[in-house]
Q: 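Quick one: the structure is below, questions incoming.
What you see is a predicted model, and the numbers here were worked out from it, not measured in a lab. Order of the sequence lines fixes the chain letters, A, B, ..., with proteins taken first and strands second; residue numbering starts at 1 for each chain.
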Amino acid sequence: NAGVTQTPKFQVLKTGQSMTLQCAQDMNHNSMYWYRQDPGMGLRLIYYSASEGTTDKGEVPNGYNVSRLNKREFSLRLESAAPSQTSVYFCASSGGHIMNTEAFFGQGTRLTVV
Amino acid sequence: AQSVAQPEDQVNVAEGNPLTVKCTYSVSGNPYLFWYVQYPNRGLQFLLKYITGDNLVKGSYGFEAEFNKSQTSFHLKKPSALVSDSALYFCAVRDPWDGGYNKLIFGAGTRLAVHP
């Protein structure tokens, strides 16, 4: 049981380049999330998806797009990377039922934009 | 809008002493509340949650948390700290009445340092 799998683990981009961060979960969860973690800022929600076919903006959506490809997969795209997007990115998923409402996290993607 | 505040950037405690990591929240209704721990270069691990019922909830590694609705707080506690508890701790809140959006918001985190 892999849980939440993110790829890649590390990435260096040049300013203006694009890339997609991949996330997949095998827990049959409805909800999926993308966060960025910066020192002193905690985890800030970029986008989330309550269920397959829906996506919503979080606290810091500018410069990002997402796709909920199916129930398992939720990708995050940077169309034109900027140094301010240097961060550690985490994907998470959670069930909707009261008994499985806690979120499970991937191991993170450390992104550096130069 | 829902929000979470962790007022302390760092908490220092001696091994064997009790520890408290503070969290306050803002949600329009009755919240779902969570604590997570992050060790260096790792993802977040779930510790415990409050959904409903008993205000004192117990979780992994001997941690517990107390929900206080009047003070809108959900402080994390442990009776006797271990050096291995040193990590970054995050409080999170979800509004179960947000129309099914399941939006999950985190605080800025508190670094716990347990000294031998």
Q: Please answer whether the main-chain N or O of A103(A) pairs with a side-chain N or O of Y36(B) as donor and acceptor at a distance below 3.5 Å.
A: yes
Q: Side-chain contact, heavy-atom cut-off 4.5 Å: T101(A) with I51(B)?
A: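 T101(A) vs I51(B): side chains touch.
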Q: Is it true that V21(B) and V4(B) fall in one hydrophobic cluster, defined by side-chain heavy atoms closer than 4.5 Å?
A: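 Yes; tracing contacts between hydrophobic side chains, which count when under 4.5 Å, links both residues.
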Q: Hydrophobic cluster membership, with links at side-chain heavy-atom distances under 4.5 Å among I/L/V/M/F/W/Y: are Y35(A) and L111(A) in one?
A: no
Q: For Q38(B) and F90(A), work out which heavy atoms get closest and say how close.
A: NE2-CZ, 3.4 Å
Q: Same cluster or not: L76(B) versus L82(B), using hydrophobic residues (I, L, V, M, F, W, Y) connected whenever any side-chain heavy atoms lie under 4.5 Å apart?
A: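 Different hydrophobic clusters.
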Q: Mind running side-chain contact (heavy atoms from CB on, under 4.5 Å) on N41(B) and R110(A) for me, showing each step along the way?
A: CA-CA 10 Å; N41(B) 300 314; R110(A) 188 173 295 274; 3.5 Å; yes
Q: So, taking the atom named CG in L104(B) and the one named OH in Y48(A), what distance separates them when rounded to the nearest 0.5 Å?
A: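 Reported value, rounded in 0.5 Å steps: 10.5 Å.
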Q: As a quick check of understanding, evaluate ring-ring contact (aromatic ring centres under 6.0 Å, His included) for F106(B) and F105(A), giving each step before the final call.
A: CA-CA 13 Å; F106(B) 282 80; F105(A) 282 79; 5.7 Å; yes
Q: Using a cut-off of 6.0 Å, state whether more than 12 heavy atoms not belonging to R77(A) lie near its atom CZ.
A: yes
Q: Is L88(B) in contact with chain A via its backbone, its side chain, both, or neither, using a 4.5 Å heavy-atom distance?
A: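 Just its side chain gets close to chain A.
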Q: Between atom NZ of K103(B) and atom OG of S31(A), what is the distance when rounded to the nearest 0.5 Å?
A: 13.5 Å
Q: Could you state whether L44(B) and L21(A) fall into the same hydrophobic cluster, counting links through intermediate Ile, Leu, Val, Met, Phe, Trp or Tyr residues with side-chain heavy atoms under 4.5 angstrom apart?
A: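 No: no chain of side-chain contacts under 4.5 Å links L44(B) to L21(A).
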Q: Is there side-chain contact between I105(B) and R44(A), with heavy atoms separated by less than 4.5 Å?
A: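 The answer is no, as the side chains (C-beta and beyond) never meet within the 4.5 Å cut-off.
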Q: Between L45(A) and chain B, with a heavy-atom cut-off of 4.5 Å, which part of the residue counts as in contact: side chain, backbone, both or neither?
A: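 Just its side chain gets close to chain B.
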Q: May I ask you to name which of A108(B), P96(B), A92(B), G109(B) has the most heavy-atom pairs under 4.5 Å with chain A?
A: A108(B)
Q: Sort Q6(A) into side chain, backbone, both or neither according to what part of it lies under 4.5 angstrom from a heavy atom of chain B.
A: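 For Q6(A), there is no contact with chain B at all, as no heavy atom is under 4.5 Å.
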Q: Taking a hydrophobic cluster as the set of Ile, Leu, Val, Met, Phe, Trp and Tyr residues connected by side-chain heavy atoms closer than 4.5 Å, whether directly or through intermediates, do V12(A) and L78(A) fall within one such cluster?
A: no
Q: With a sphere of 6.0 Å drawn around NZ of K71(A), does it hold more than 12 non-hydrogen atoms of other residues, nucleotides or ligands?
A: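 Correct, the count exceeds 12.
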Q: Kindly compute the distance separating CZ (F46(B)) from CD (E102(A)), expressed to the nearest 0.5 Å.
A: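 The CD atom of E102(A) is 4.0 Å from CZ of F46(B), to the nearest 0.5 Å.
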Q: Which atom names give the shortest non-hydrogen contact between Q37(A) and F90(B), and what distance separates them?
A: NE2-CZ, 3.4 Å
